[in-house]
Every structure is written in C-alpha cells, then in structure tokens.
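Just so it is clear, the model here is predicted, and its values are computed rather than measured. Heavy-atom basis, side chains included; hydrogens, waters and symmetry copies ignored.
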Amino acid sequence: MNSGGIIFLAVLILNMLIACSYLIWHLIFKKDTDNRKQYVMHTVIMLLCPIVGICYFLFAFLKYHFIKIGNIDLSDVEFSKKRHIARVKADENRERNIVSVGEAILVSDQEKERANMLNVLLGETDEAFSAIALALDSDDSEVAHYAASFLQSKLDTFRDNVRKTQQMVNEGDIEDEECQKRILKLIRYMNHILKQRVFTPIEQTDYVEQMEQLCEKLFQNARDRLIPNCYEWIIGRLVELREYDKAEVWGNRFCKQYPDLLSSYTLRLKIYFETSRKDKFVEVLDQLHTSSVAVDNQTLEIIRMIRR
C-alpha cells in the first residue's frame with residue numbers, strides 16, 4: 001500500500017474513533033439519553049462524511065457557544081427586578097407537552113435550557129409575556145436573547161395593531177355600531193397585553209391612558225356597550241399605576257350602572273383598602289350590606305382584614 005492509501009486509511013480510522021468517542025461521551029459519560037437519536041444521527045453523519053462532518057459540527061459548536069452575531073435591542077423591555085409577575089390560569093393541555101417558562105430558565109444544563117426556552121416560545125405564549133420576561137435575567141446570554149427577541153416582536157405587533165385600530169376609530173363615527181364594536185375589541189386586546197406589565201413604566205402609563213380614553217368614549221356615547229369587564233379591566237390597570245383617583249371615578253360609575261354586581265363593590269373596597277381610606281371603605285361596605293348582592297368568601301376576607 002502506497003503512502004496515499006495509508007494516509008487515507010488513517011484518516012478514516014481517526015474519523016471513526018472521533019465519531020464513536022462523541023457518541024460514547026454523550027450517552028455513557030454524560031448520560032444524556034433524552035437526545036439519543038440526535039447523537040446517533042450526528043455520529044452517522046460523521047462516519048458517512050469523514051472530516052467534513054466533524055468540521056461542520058465543530059464549527060456549529062464554536063459558533064453556538066462563543067460567537068454572537070449582531071447586538072440585542074432591549075430598549076423597549078423592562079429589566080427591573082420588581083417586575084410584576086402575572087398569575088394566569090394554566091393551559092392544562094399545553095402543560096402536558098412542554099415545560100413552564102420558570103422551569104425552562106432554571107435548568108442547569110445550558111443546551112437543555114436553550115432548547116426548553118425555544119419550545120416555550122414556539123407554543124401559545126400570549127398569556128405568558130411577563131413570565132417570559134423573567135428569562136431576560138438569565139445568566140445565559142443566548143436565553144436572554146431568545147426572550148428579548150420574542151418580546152420585542154410581540155410588543156412591536158401590539159403597538160402597530162393599537163395604532164392602526166386607533167386611527168380607524170378616530171376616522172369612524174362613534175354612533176356607528178361597528179365603530180363601537182371596534183372600540184370594545186381594542187379595549188379587550190389592550191387589557192390582555194397591559195395586564196402582563198412588560199412595557200416600561202412610561203409606555204405602560206401611556207397605553208393605559210389610551211385605554212381609559214376609549215372607555216370614556218363608550219361611556220359618553222354608548223354606555224350600554226360598557227360591559228362589566230370593561231370597568232374591571234380599566235380599574236385594574238389604573239390601580240396598578242396607583243391612579244387611585246381615576247380608579248375611584250370608574251368604580252363609582254361601575255356601581256351606578258351595575259349595582260347588582262359584587263365586583264362593582266369589591267373593586268372600590270380594594271381601592272379604599274390600598275389607600276387606607278377607612279371612612280370610604282365603611283361607606284361602600286354599608287352600601288353592600290343594604291344591597292341584595294350575595295357576598296363571596298374573598299370579599300369576606302377583605303372585610304375581616306380591614307377590621308383587624
């Protein structure tokens with residue numbers, strides 16, 4: 001056998017040793033059996049494509065861990081440690097198939113952490129923006145990049161949708177039923193995102209003000225369109241911003257329009273409880289006692305707390 005054949009054979013043997021070592025390392029030493037098919041596939045590719053396969057996976061590994069292309073624009077994402085954590089009802093069907101955001105960013109293995117985060121972002125995430133925002137504090141810059149890119153895209157979509165719909169509302173006739181439906185739909189959409197509090201304080205305040213102006217339009221021109229949820233949404237967002245005076249106005253309007261709903265009383269009780277206005281709290285409590293509204297356990301607990 002000539003020298004060229006010997007070199008070729010040596011390359012094949014070396015390539016086979018590296019490929020087998022790669023498989024043994026991950027399946028036996030690291031005991032990562034969850035990705036067994038992936039490692040076997042990589043090994044087969046390295047055996048079928050000597051040198052080229054190894055160089056490809058080596059370059060991918062180096063790029064994945066050490067090379068970052070482009071800068072992450074995080075200008076519109078709130079990084080405060082005091083970020084509000086939204087509590088939303090779990091989607092049981094989805095939870096059976098993918099891990100939660102919190103678990104995804106707590107996984108110690110870096111590759112699994114990134115894979116989990118990607119799986120989360122590929123799922124239905126419209127209810128979990130604030131939870132995904134927690135990943136911005138991850139020690140792994142790649143995970144933070146995933147979360148920041150996702151949030152930036154979603155927030156840009158929200159801004160664009162609000163801007164376009166506001167323009168349509170301004171150009172429409174408030175007396176028109178379609179215009180009223182459009183306003184109601186926009187209020188619901190804005191609340192869905194704003195309650196997760198992923199905007200900066202300035203931008204959050206601006207959008208809540210826009211949401212309040214939409215509610216005011218319906219209140220002044222089509223009050224019957226203001227469903228109880230609208231009152232609950234705007235009061236909730238105003239209380240989060242500590243705009244208690246505005247929240248009180250809407251609370252009084254809510255009770256006047258829907259005096260038979262418990263939430264029209266409990267929301268005002270919450271406002272006066274947070275502002276330590278005991279006289280107003282007792283006044284609303286008396287109104288509740290004289291009404292025919294049934295009181296639930298949560299309201300009773302608030303009453304007990306204020307009386308202590």
Side-chain angles (χ1 to χ4, degrees), residues 82 84-89 130 162 166 169 174 180-199 201-308:
K82 297 181 180 179
H84 173 77
I85 302 176
R87 304 294 184 184
V88 294
K89 184 179 179 180
S130 60
V162 171
Q166 284 276 31
V169 168
I174 190 62
Q180 296 169 6
K181 290 181 179 179
R182 188 175 293 117
I183 293 175
L184 187 60
K185 184 177 180 180
L186 180 56
I187 293 172
R188 181 182 291 108
Y189 173 66
M190 293 181 72
N191 177 74
H192 178 71
I193 304 299
L194 293 175
K195 69 180 180 180
Q196 302 185 60
R197 303 189 69 181
V198 289
F199 289 103
I202 294 177
E203 198 165 12
Q204 178 81 9
T205 301
D206 177 62
Y207 280 119
V208 171
E209 288 178 354
Q210 292 186 43
M211 182 177 167
E212 185 187 11
Q213 290 171 5
L214 292 170
C215 291
E216 187 67 32
K217 281 188 176 182
L218 288 183
F219 182 81
Q220 297 296 338
N221 300 280
R223 194 167 305 179
D224 58 312
R225 286 285 183 181
L226 269 175
I227 59 176
N229 283 342
C230 287
Y231 284 105
E232 293 171 5
W233 295 335
I234 189 58
I235 293 172
R237 304 295 74 77
L238 289 171
V239 169
E240 288 170 355
L241 295 177
R242 300 184 184 278
E243 296 281 355
Y244 296 114
D245 290 341
K246 293 181 179 179
E248 183 181 10
V249 170
W250 284 103
N252 292 333
R253 289 176 173 180
F254 186 17
C255 189
K256 186 175 181 179
Q257 184 171 352
Y258 297 100
D260 296 329
L261 285 182
L262 178 61
S263 57
S264 66
Y265 296 93
T266 56
L267 285 172
R268 288 188 296 156
L269 289 174
K270 180 179 179 181
I271 294 171
Y272 299 136
F273 177 74
E274 291 194 11
T275 55
S276 300
R277 299 171 64 183
K278 192 171 182 179
D279 56 334
K280 287 289 186 179
F281 186 94
V282 173
E283 181 181 329
V284 174
L285 198 57
D286 291 338
Q287 293 175 11
L288 180 58
H289 284 159
T290 57
S291 70
S292 59
V293 178
V295 180
D296 60 12
N297 291 331
Q298 183 179 7
T299 307
L300 289 175
E301 185 62 28
I302 296 177
I303 296 172
R304 292 191 192 101
M305 289 176 61
I306 199 68
R307 286 179 171 175
R308 290 175 183 174

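The minimum heavy-atom distance between S264 and C255, with the atom names listed, is CB-CA, 3.7 Å. Here the closest non-hydrogen pair linking E212 and K246 is OE1-CD, 3.6 Å. Across all their heavy atoms, E240 and K195 have their closest contact at OE2-O, 4.3 Å.
At least one side-chain heavy atom of L226 sits less than 4.5 Å from a side-chain heavy atom of W250.
The aromatic rings of F281 and F273 sit tilted relative to each other, their planes meeting at an angle between 30° and 60°.
With rounding to the nearest 0.5 angstrom, the CD atom of E232 is 9.5 Å from the SG atom of C230.
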Original post:
Can S263 and F254 be said to form a side-chain contact (heavy atoms from CB on, under 4.5 Å), step by step?
Top reply: CA-CA 9 Å; S263 57; F254 186 17; 3.4 Å; yes
Subject >> Worked verdict on R268 versus Q287 for side-chain contact (heavy atoms from CB on, under 4.5 Å) >> reply: CA-CA 11 Å; R268 288 188 296 156; Q287 293 175 11; 2.9 Å; yes
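Using modelled atom types and a 3.5 Å distance limit, the side chains of E283 and Y272 yield no donor-acceptor pair.
In this structure, Q204 contributes its side chain and V198 its backbone to no donor-acceptor pair below 3.5 Å.
Taking I271 as the reference, I235, V239, Y244, A247 meet the side-chain contact (heavy atoms from CB on, under 4.5 Å) condition, with sequence neighbours excluded.
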All N/O donor-acceptor pairs, side-chain side in residues 180-189, below 3.5 Å, sequence neighbours left out:
residue: Q180; atom: OE1; partner: R225; partner atom: NE; Å: 3.3
residue: Q180; atom: NE2; partner: I174; partner atom: O; Å: 3.0
residue: Y189; atom: OH; partner: N161; partner atom: ND2; Å: 3.1

